[in-house]
Each structure stands twice: as structure tokens, then as C-alpha cells.
Q: 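The structure is given below, and queries will be raised subsequently.
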Amino acid sequence: MIVVMAVPALTGSQCVFVASSGDNHTCISTVDKPCNPQDNTDPVVVVTVDNGQLIDAPVQGVRYESGSVSGVTGDLGEFQYETGGTVRFFIGDIALGEEVRGKSVITPLDLVANGTIDTPAVVNIARLLQSLDSIPGDNRITIPAVLHAAAVRSNGAVDTSIQYLDFADETAFVNAATQLISTLTASYPFTAVLVDRQGAQKHLIRTLGAAGISTGR
């Protein structure tokens with residue numbers, strides 16, 4: 001059994017997690033004092049994590065994975081990532097762009113290689129996030145847990161759409177995203193539609209500007 005416990009924060013936004021097998025005779029391997037492989041002990045694994053934020057507006061409810069660290073973004077888009085490691089974001093089985101180096105603020109621009117505010121894949125990631133927002137108009141993008149449960153390849157109603165969702169291909173994206181939004185938001189108290197390209201781009205420029213992030217516009 002692996003036990004993970006939090007250790008008081010180091011400096012800034014860093015935290016340390018210690019994982020062990022639960023053996024009472026564990027040891028911490030260091031440069032000066034490595035664990036003796038002949039000892040009947042299991043080494044302790046120390047994981048240092050930093051805090052980050054995912055924003056178009058703050059994106060709440062997106063799943064993230066960073067090495068041994070995973071979770072769901074909080075109401076301010078907050079997440080944790082292994083220090084010096086990478087992080088990736090998902091809605092169910094839908095990967096939002098690429099795996100990227102963890103940092104304090106990540107936006108759709110970061111989720112596409114060499115992404116800019118005019119890169120089609122960047123704008124289309126923003127379009128999908130904004131279109132799936134379950135509480136529009138509150139300066140936050142909220143992705144509910146029920147949507148994650150439905151956005152999986154085992155769900156025959158969305159499997160093909162997930163398979164052919166290509167943020168970089170405008171035609172493929174519009175076809176797949178339109179179907180996904182219609183199916184996944186069926187329980188919303190309003191009719192959700194795919195946000196148009198210009199509207200999504202303006203929203204992204206406005207919200208990133210408010211966060212002090214330059215988009216060149």
C-alpha cells in the first residue's frame with residue numbers, strides 16, 4: 001500500500017509529498033546516505049509540486065495529470081504539477097492540446113506548439129472550453145463532473161466525435177465539436193452551441209489581457 005502525506009510547504013507555492021510503501025522501516029535515500037539495498041526497507045519517494053492556474057477565464061473542473069500528481073482544476077483554475085515536469089489537461093477522454101511544461105499560468109496559447117492568438121488550434125481549444133461552460137456569464141468556465149463522465153470513448157454517442165476532434169483542422173473540429181457539444185450539454189438548462197471563432201478569440205484576448213498576459217493585440 002502506498003501512503004502519500006503532505007509535508008509543510010517549502011518556499012513560494014511549492015509543496016512536498018512523501019510516498020512510501022507503509023513499511024515501518026523505510027529510509028530516505030540521499031547523496032550522503034543512500035539506502036542500503038541489503039536492508040529490508042523500501043525507499044521513500046519525495047515529490048515536489050508547484051501550483052499553477054489554467055485560464056481562458058479561470059477554467060474549473062478540468063482534469064489534469066502531471067507525473068504522479070493528478071486532480072481536477074479548482075474554481076480559480078488552480079492545479080498542481082510536479083516541479084520541473086509536464087502537465088496535460090483533459091475533459092473526459094478529450095485531451096486539450098499538448099502536454100506542456102508546468103508553470104504558474106497556462107492558457108490555450110501554451111497548449112499548442114508555438115501557439116499565438118491567431119493559431120487555429122489555440123482558438124478552437126478556447127471555443128470548446130467556452131462552449132461547454134455550464135454557467136455562462138460568471139467570469140469563469142465551469143466544466144461539470146457529469147460532462148467528464150459522458151465524454152469518454154466507451155460512450156458510443158460521442159466516441160466518433162472524440163476520435164475525429166482535431167483542433168488544428170477547422171472543418172473536422174467544427175463537425176466533431178458541434179456533435180460533442182450537443183450531446184454532452186443535453187442536461188444543461190439552456191441550449192449550448194459552438195461559440196464562433198471571432199467571439200472565442202475576443203473572449204480569450206479580453207480575459208488574458210485582464211490577467212496581464214499579452215496576446216499582441
Side-chain angles (χ1 to χ4, degrees), residues 52-64 72-79 88-98 100 103 105-148 150-151 157-158 160-217:
Q53 184 183 27
L54 177 66
I55 64 172
D56 175 333
V59 182
Q60 177 183 10
V62 166
R63 180 168 59 88
Y64 63 87
V72 175
T73 56
D75 58 2
L76 297 178
E78 64 269 30
F79 64 90
R88 195 163 197 189
F89 300 94
F90 301 86
I91 297 175
D93 287 340
I94 302 169
L96 296 173
E98 303 174 3
V100 296
K103 60 178 183 175
V105 177
I106 290 179
T107 78
L109 279 72
D110 300 303
L111 300 179
V112 178
N114 303 312
T116 72
I117 196 63
D118 294 311
T119 302
V122 169
V123 178
N124 285 336
I125 290 172
R127 291 174 75 183
L128 184 65
L129 288 171
Q130 294 170 29
S131 301
L132 295 176
D133 185 6
S134 65
I135 312 174
D138 67 346
N139 298 317
R140 179 183 295 118
I141 294 173
T142 303
I143 309 298
V146 65
L147 195 149
H148 281 271
V158 299
T160 300
S161 298
I162 293 174
Q163 179 181 353
Y164 289 103
L165 185 69
D166 184 347
F167 293 108
D169 183 321
E170 185 68 14
T171 300
F173 169 77
V174 170
N175 289 338
T178 299
Q179 182 61 42
L180 282 171
I181 292 162
S182 175
T183 304
L184 297 177
T185 64
S187 63
Y188 286 10
F190 57 89
T191 300
V193 297
L194 178 62
V195 175
D196 66 84
R197 180 178 179 80
Q198 292 75 20
Q201 189 179 54
K202 288 180 180 178
H203 181 278
L204 185 58
I205 292 171
R206 182 175 66 254
T207 55
L208 295 190
I213 299 172
S214 174
T215 61
R217 293 290 182 89

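Fair warning: this is a prediction, and the values are worked out from it, not measured in the lab.
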Q: Around atom CG of N139, are there more than 12 heavy atoms from other residues, nucleotides or ligands closer than 6.0 Å?
A: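 For N139, atom CG is not crowded (no more than 12 foreign heavy atoms under 6.0 Å).
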Q: Has T107 got a side-chain atom pairing as donor or acceptor with D56's backbone, closer than 3.5 angstrom?
A: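 Flag not set: sc T107 to bb D56 has no pair under 3.5 Å.
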Q: Would the distance check show the side chain of Y188 and the main-chain N or O of L132 forming a donor-acceptor pair, the cut-off being under 3.5 Å?
A: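 Judged by distance alone, yes, a pair lies under 3.5 Å.
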Q: Test of understanding: with side-chain hydrogen bond (donor to acceptor under 3.5 Å, both in side chains), list the residues that count as partners of R63, not counting sequence neighbours.
A: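 Listed in chain order: E65.
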Q: For L54 and F89: C-alpha separation, side-chain torsions, deciding distance, then whether side-chain contact (heavy atoms from CB on, under 4.5 Å) applies.
A: CA-CA 9 Å; L54 177 66; F89 300 94; 3.8 Å; yes
Q: Just so I know, are the side chains of D118 and R217 near enough to count as touching, which here means a heavy-atom distance under 4.5 Å?
A: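 Yes, close enough: below the 4.5 Å cut-off.
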Q: Which residues pass the salt bridge (Lys or Arg N to Asp or Glu O under 4.0 Å) test with K103, not counting sequence neighbours?
A: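 Expected list: D110.
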Q: For R88, check salt bridge (Lys or Arg N to Asp or Glu O under 4.0 Å) against everything at least two apart and list the hits.
A: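 Expected list: none.
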Q: Is the backbone of A200 close enough, under 3.5 Å, to the side chain of Q130 for a donor and an acceptor to pair up by distance?
A: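 Judged by distance alone, yes, a pair lies under 3.5 Å.
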Q: Ignoring hydrogens and angles, tell me if any N or O in the side chain of T215 forms a donor-acceptor pair with the backbone of I205 under 3.5 Å.
A: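 Answer holds: no.
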Q: Working to the nearest 0.5 Å, report the span between OG1 of T119 and CD of Q201.
A: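 So the OG1 of T119 and the CD of Q201 are separated by 9.5 Å.
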Q: Determine whether a donor-acceptor pair (N or O, by modelled atom type, separation under 3.5 Å) exists between the side chain of T142 and the backbone of Q60.
A: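 Answer holds: no.
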Q: Please tell me if the side chains of V62 and L96 come closer than 4.5 Å, counting only heavy atoms from C-beta onward.
A: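 A side-chain contact exists here, since the closest heavy-atom pair is under 4.5 Å.
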Q: Determine yes or no for a side-chain-to-main-chain donor-acceptor pair under 3.5 angstrom, with R140 supplying the side chain and D75 the backbone.
A: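 Yes, because the side chain of R140 sits within donor-acceptor range (under 3.5 Å) of the backbone of D75.
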Q: Given 3.5 Å as the limit, does a donor-acceptor pair link the side chain of S131 with the main chain of V195, or not?
A: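 Looks like yes, one N/O pair under 3.5 Å.
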Q: Checking H203 side chain against A126 main chain: does a donor-acceptor pair fall under 3.5 Å?
A: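 No.
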